[in-house]
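Here the structure comes first, spelled out in structure tokens, and everything after it is commentary.
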2 protein chains.
Amino acid sequence: MPVQKFHKKVGLVDDHQLFRKGIAELVNSFPQFYVSFEASHGEELQKMLSPLNLPHLIIMDVNMPNMDGFKTMLWLKEHFPDIPVLALSMMDDEQSIVRMLKSGVKGYLLKDAHPSELLNAMNTISDNGFYYTDFVTGRLINSLNENDSSKKQHQQLTEREIQFLCLCCSEYSYKEIADKLYISPRTADGYRDKLFEKLNIKSRVGLVLFAIRNGLFKL
Amino acid sequence: MPVQKFHKKVGLVDDHQLFRKGIAELVNSFPQFYVSFEASHGEELQKMLSPLNLPHLIIMDVNMPNMDGFKTMLWLKEHFPDIPVLALSMMDDEQSIVRMLKSGVKGYLLKDAHPSELLNAMNTISDNGFYYTDFVTGRLINSLNENDSSKKQHQQLTEREIQFLCLCCSEYSYKEIADKLYISPRTADGYRDKLFEKLNIKSRVGLVLFAIRNGLFKL
DNA sequence: TTTTGAACAGGTGTTTTCACGGTATTTTTT
DNA sequence: AAAAAATACCGTGAAAACACCTGTTCAAAA
């Protein structure tokens, strides 16, 4: 693949080889772009990003091993802030989207987008610097209106409450949890009641679901 | 794309358009194959499969909306048992793999496989009828040795137990769950005790974690 | 035809969870 | 220095969860 004038270099970062190669074929089929390098995760990207041959655009998966999309974005923002990144993800949940937008991606496409939308996004990012679909902006706006309820909530949880919450995601009784935290069972009850109040939850199962949904407890 | 002799027709089924188009490009880049049709899920496949123009091979995603890979396989086995199916999945867990193998797929590739392995798999399936990697057969053999513990456990759950289990993943009390299932609270207790016994679990939180980890309850 | 198993229901008692009421100490913020 | 927030703790009583039994009905499998 020769380097041609007016053809913009694209870097691909995705751990799924088949998907990556597929996208590569697709990108190369667009006359104005070509894939200049591929990496399977953030660490590999770090090694491949030579200042002498930077891509004009990076297309990156969000969920990757070793170094995920979010961490990779933080690194890119520090070292190569001028390279726009288009995030590709299967996650359509608010958390993932908002997280990536905050980290500075210039576009966020779902993996079931139409190829023409990919091309459109790539062109728009090249020309205007960003490409946000209504879907994505909708999610973002939605997240802004949730300050009072779900979002602020688990940000104002204290360290100790989070520890307690994570231990609730187990078959331990509150008494056993208290043992593990070196507190009295009554105190554990206190944390539970406090969490119930803060999160507007009424049962331990509710705590478990909250912890999992908000990534405080990994399965 | 003209129909050429010796060029084998391939059908693609995957709900992620970008991935599908990518794979399509890839398949079309192999001289001995070309994509004759694409569908985004099982239902669409049913409509597109004309007996007058059957593909020689179907490449199918496992996780799809409407009609997933497993259901689609059941239908294919009944109506077009002679078309070999190559499963593509991101799931590398034993459950998914064994389930698909049992349903009769002729190959199972992870989406992070190398494109050359895809080509290899397609060729091998065409020539020999099947292509199973060591990874896949390993998982299969492993699953045979797990009859007693993890595998049999959640496959021998009855429909009613699964319903009950899903309702446990909420803030409903067992009494309220009983109401929703139109059974007496005692019966609900019975289901709980039965599940505890079958799954070797001791608390409701354990049930919740089990249900989530095994995909019986979607967050 | 006997047996197995799913679905359903009840009894009894213990343990855990939850709701509601508090207090005291320390750290952080203002 | 005062206010606020985090940490830790306690009592009571009701409700829910859990353990360990009993049983019937019905349909499918051996």
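Treat the numbers as computed from the prediction; the structure is a model and nothing was measured. A, B, ... follow the sequence lines: proteins, then strands. Residue 1 opens every chain.
- Of the side-chain N and O atoms in B:Arg204, one or more sit less than 4.0 angstrom from OP1 or OP2 of D:dA17.
- The 5' end of DNA chain C is approached more closely, in terms of each residue's nearest nucleotide, by B:Glu159 than by the other of A:Arg192 and B:Glu159.
- Residues A:Asn120 and A:Thr124 have side chains that bring a donor and an acceptor to within less than 3.5 angstrom of each other.
- To the nearest angstrom, P of C:dG5 lies 17 Å from CG of B:Leu195.
- Following rounding to the nearest Å, A:Tyr174 (OH) and D:dC9 (C1') show an atom-to-atom distance of 18 Å.
- Take the nearest nucleotide of DNA chain D for A:Asp193 and for A:Leu181: the residue whose nucleotide is more 5' is A:Leu181.
- Nearest heavy atoms, B:Leu86 versus B:Ala121: CD2-CB, 4.2 Å.
- Close to D:dA17, at under 4.0 Å from its OP1 or OP2, lies no side-chain N or O of B:Ser203.
- The separation between B:Lys175 atom NZ and D:dC18 atom P is 15 Å, rounded to whole Å.
- The side-chain heavy atoms of A:Glu171 and B:Leu209, taken from C-beta on, include no pair separated by under 4.5 Å.
- Listed pair A:Tyr191 / D:dC9 fails the phosphate criterion, with no side-chain N or O lying under 4.0 Å from OP1 or OP2.
- Of the charged side-chain nitrogens involved, none lies within less than 4.0 Å of a carboxylate oxygen, so that B:Asp193 and B:Arg186 do not count as a salt-bridged pair.
- If you take CZ of A:Arg186 and P of D:dG13, they are 12 Å apart, rounded to a whole angstrom.
- Here A:Thr187 does not reach the OP1 or OP2 of D:dA8: none of its side-chain N or O atoms lies under 4.0 Å away.
- Across the protein-nucleic acid pair, A:Glu171 atom CD and C:dT16 atom P stand 14 Å apart, rounded to whole Å.
- Following rounding to the nearest Å, B:Leu207 (CG) and D:dA16 (P) show an atom-to-atom distance of 18 Å.
- When rounded to the nearest whole Å, the span between CG of A:Asp189 and P of C:dG22 equals 17 Å.
- Of the listed nucleotides (C:dA6, C:dT17, C:dA19), C:dT17 has the atom at the smallest distance from the side chain of A:Ser173.
- At most 12 heavy atoms of other shown residues, nucleotides or ligands fall within 6.0 angstrom of atom OH in B:Tyr172.
- Close to C:dG10, at under 4.0 Å from its OP1 or OP2, lies a side-chain N or O of B:Ser184.
- At the heavy-atom level, B:Arg160 lies under 4.0 Å from the strands shown only through sugar-phosphate atoms.
- Atom-to-atom, OH of B:Tyr172 to P of C:dC18 comes out at 17 Å; the value is rounded to the nearest Å.
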